[in-house]
Amino acid sequence: AGVKEDSFNVLDLAEYTKNQPWWRKVFAPSSGSSAEKYNVATQLVIGGVTGWCTGFIFQKVGKLAATAVGGGFFLLQIANHTGYIKVDWKLVERDVNKAKQQLKFHSGGNKMSPEVKSRVDEVIIFLKKNVVLTGGFAGGFLLGMSS
């Protein structure tokens, strides 16, 4: 019996993408804005669809979180009222006051750290370069929240 060798073709993805213009348009890294890559209608559709999906998921997760927090608080109140647990209200008051003091201390300077400031600047630049995409996302997000 002879040994049969299977031959495999190796696909070089880098070379393949160079020869496929549609592939480059979709996945090529771009230093510019989406306005340079897509027309206004495409930007609105992309922004609207991603915004709607985000808004819809945000709404569902928000309802679930509100239910969990409200239900947990309700169960804790019942457990406290029936005597299953005892709340040390003096300790709660002391911790709340400590948190208030820390908030006053941190908000007194009202200055952002350099890392946060650079991130905020990046976001602002992105929003300015992609106004149509951002507008579509905001509209889609509001529609997603309402549906």
Side-chain angles (χ1 to χ4, degrees), residues 8-147:
F8 296 99
N9 291 333
V10 177
L11 177 63
D12 184 7
L13 287 177
E15 197 61 39
Y16 181 73
T17 57
K18 287 179 186 173
N19 298 329
Q20 301 295 326
W22 64 270
W23 189 271
R24 257 187 301 159
K25 286 180 186 176
V26 174
F27 294 108
S30 170
S31 60
S33 67
S34 64
E36 296 171 359
K37 291 170 59 174
Y38 303 109
N39 63 21
V40 173
T42 305
Q43 290 179 62
L44 281 174
V45 168
I46 291 171
V49 169
T50 56
W52 183 86
C53 292
T54 305
F56 186 76
I57 291 170
F58 191 82
Q59 175 204 30
K60 295 298 179 188
V61 169
K63 283 183 181 177
L64 180 66
T67 303
V69 169
F73 183 71
F74 181 69
L75 288 175
L76 282 174
Q77 288 298 327
I78 290 175
N80 182 38
H81 183 70
T82 55
Y84 284 108
I85 61 171
K86 294 289 181 196
V87 178
D88 186 357
W89 290 110
K90 297 261 186 213
L91 181 62
V92 171
E93 184 180 1
R94 189 184 74 205
D95 288 344
V96 167
N97 287 334
K98 186 190 292 185
K100 283 182 186 177
Q101 291 300 322
Q102 287 178 349
L103 283 174
K104 285 180 185 176
F105 175 73
H106 290 302
S107 65
N110 203 13
K111 292 184 179 179
M112 288 189 282
S113 68
E115 297 87 17
V116 173
K117 186 170 178 8
S118 69
R119 291 292 178 197
V120 168
D121 290 342
E122 286 178 25
V123 168
I124 290 171
I125 290 168
F126 175 81
L127 293 177
K128 285 181 181 177
K129 282 186 176 181
N130 300 293
V131 173
V132 176
L133 184 71
T134 305
F137 180 85
F141 182 81
L142 293 174
L143 284 173
M145 286 291 290
S146 67
S147 61

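The figures here come from the full heavy-atom set of this structure, side chains too, leaving out hydrogens, waters and symmetry mates.
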Shortest non-hydrogen contact between [X] and [Y], atoms and distance:
{"X": "Met145", "Y": "Gln59", "result": "O-NE2, 3.2 Å"}
{"X": "Leu143", "Y": "Trp52", "result": "C-CD1, 3.7 Å"}
{"X": "Val132", "Y": "Gln43", "result": "CB-OE1, 3.6 Å"}

### Query
In a check of side chain to side chain contact (heavy atoms under 4.5 Å, CB included) between Leu133 and each of Thr50, Ile46, Leu44, which one passes?
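Of the listed options, the one satisfying the test is Ile46.
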### Summary
Residues at least two apart in sequence or cross-chain that pass salt bridge (charged side-chain N to carboxylate O under 4.0 Å, His left out) with Glu122, listed by chain then number, are Arg119
### Message
Could you work out, with salt bridge (charged side-chain N to carboxylate O under 4.0 Å, His left out) as the rule, every residue matching Arg94, not counting sequence neighbours?
### Response
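Applying salt bridge (charged side-chain N to carboxylate O under 4.0 Å, His left out) to Arg94 gives none.
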### Message
Side chains of Val92 and Asp88, heavy atoms from C-beta outward: is any pair under 4.5 Å?
### Response
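A side-chain contact under 4.5 Å is absent here.
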Please tabulate, for the side chains in residues 60-85, all donor-acceptor contacts under 3.5 angstrom to protein atoms that are two or more places apart in sequence or on a different chain.
residue : atom : partner : partner atom : Å
Thr67   : OG1  : Lys63   : O            : 2.8
Thr82   : OG1  : Ile78   : O            : 2.9
Thr82   : OG1  : Ala79   : O            : 3.3

### Query
Ring centroid separation for Phe141 and Phe58, is it under 6.0 angstrom?
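Centroid distance Phe141-Phe58: below 6.0 Å, so yes.
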